Amino acid sequence: MFLPNLMWALLLAALSPLAIAQQDEQSDVKSIPLRTHSLQQPYLDSDMQSRWFDFGGTTVVRADQYIRLTSQQPSQSGWIFSRVPLTATNWEIEVEFKIHGTGNLFGDGMAMWVTKDRAEQGPVFGMKDQFEGLGLFFDTYKNNRPGVVFPYVMAMVGDGQTSYDQGSDGKANELAGCSARGVRNADFPTKARVTYFQDKQLTVDLMYKKEDEWTRCFEVPNVKLPSVSYLGFSAETGELSDKHDIVKVDTKNLYSPTGQTKKGAAGSKEYSRSKGTTQSPPTESGGWLWFFAKFLFFGLALAGAYVGFTIYRTKRRDRF
């Protein structure tokens with residue numbers, strides 16, 4: 001029984017560093033809040049303006065409750081856009097929103113934008129067509145998408161030249177999407193979480209089925225967005241209408257202390273607009289230390305295997 005026990009001990013010794021490495025990788029990504037791209041009550045400064053965001057169209061700010069992009073009236077279009085660019089290499093944006101109204105006929109929907117240009121009103125959920133960057137659409141009215149359940153959440157990465165396929169609810173432009181029945185008139189706060197690692201991955205999670213329970217909408221690799229972009233939200237109503245509210249926005253800059261973010265995305269830099277300085281995340285020394293630690297573990301495992309084998313061979317020889 002000595003040899004099997006020794007083999008199990010050596011196997012555990014060899015696997016332990018790998019298990020620790022996997023745990024570290026999952027918890028390696030850190031975050032820094034970006035006040036310049038976040039919104040919370042009361043939304044406005046003492047002079048009844050927002051320091052970091054502009055808004056227009058039919059947008060109404062209710063300081064103690066919400067930013068209402070459209071009320072339940074036809075032919076409305078409202079927006080809110082950041083004043084300064086989002087320069088974080090890797091970021092996460094979590095938005096609490098509410099799409100609600102009365103009746104069984106409603107539309108048209110709302111959008112989140114991370115685009116090279118700032119607000120310019122137009123026909124795509126209240127903003128201009130042929131945009132460059134990310135448009136995430138919460139489409140509540142079905143025009144022509146057979147087999148698709150609405151409301152539908154869809155991402156499009158615009159190149160500045162391609163028009164949104166309005167007649168088919170963006171079918172020709174879709175990067176990825178998912179049905180989100182229940183996102184409208186939910187009885188708890190609905191949320192969307194958008195995570196981006198530069199040139200590597202775009203992930204969208206939704207909270208609409210159950211409070212405090214996230215549902216993965218989609219995850220797409222190799223997504224490239226403009227390195228400098230603006231964050232915005234817009235909504236639009238046509239003959240049919242709904243209330244579209246932004247309740248809270250939390251934006252974070254993501255980085256890794258070891259210099260490696262999820263799926264190999266590079267570490268990012270946080271631009272401090274209040275001080276006008278650039279702060280780099282911690283150095284990559286932690287990655288080298290972990291490399292040497294693994295090397296040491298491997299050496300100890302080999303030494304243990306040699307000692308164990310020597311003891312086993314000695315005992316076997318003594319028996320005979």
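Every value quoted in this text rests on a predicted model; they were computed, and no experiment measured them. Here, residue 1 is the first one in the sequence, and each next residue gets the next number.
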- Message: Could you walk me through whether Ile67 and Val247 satisfy the side-chain contact (heavy atoms from CB on, under 4.5 Å) test, starting with their C-alpha distance in whole Å, then the side-chain angles of each, then the deciding distance to 0.1 Å, before giving a yes or no?
- Response: CA-CA 6 Å; Ile67 298 173; Val247 179; over 6 Å; no
- Query: Counting only heavy atoms not in Arg181, do more than 12 sit closer than 6.0 Å to its CZ atom?
  - Reply: no
- Item | Short side-chain to backbone donor-acceptor contact, Asp169 and Asn144, under 3.5 Å | yes
- Message: My understanding is that only one of Asp242, Thr140, Thr190 makes a side-chain hydrogen bond (donor to acceptor under 3.5 Å, both in side chains) with Arg184; could you say which?
- Response: Asp242
- Item | Salt bridge Asp165-Lys171, side-chain N to carboxylate O under 4.0 Å | no
- Message: Is there a continuous path of hydrophobic side-chain contacts, each under 4.5 Å between heavy atoms, that joins Leu39 to Val84?
- Response: yes
- Query: Would Glu174 and Arg145 satisfy side-chain contact (heavy atoms from CB on, under 4.5 Å), going step by step from the backbone distance to the final call?
  - Reply: CA-CA 12 Å; Glu174 182 173 350; Arg145 286 291 297 267; 2.9 Å; yes
- Does the ring of Phe81 carry Arg118 above it, NZ/CZ under 6.0 angstrom from centre and within 45° of its axis? no
- Query: Can you tell me if NZ on Lys210 sees more than 12 non-hydrogen neighbours from other groups inside 6.0 Å?
  - Reply: no
- Query: Can you tell me if CD on Glu239 sees more than 12 non-hydrogen neighbours from other groups inside 6.0 Å?
  - Reply: no
- Item | Ionic contact status for Asp45 with Arg51, cut-off 4.0 Å | no
- With a 3.5 Å cut-off and no angle check, do the side chains of Ser75 and Gln73 form a donor-acceptor pair? no
- So the ring pair (Phe, Tyr, Trp, His ring centres under 6.0 Å) pairs with at least one residue in residues 82-112 (sequence neighbours excluded) are Trp91-Tyr196, Phe97-Phe138
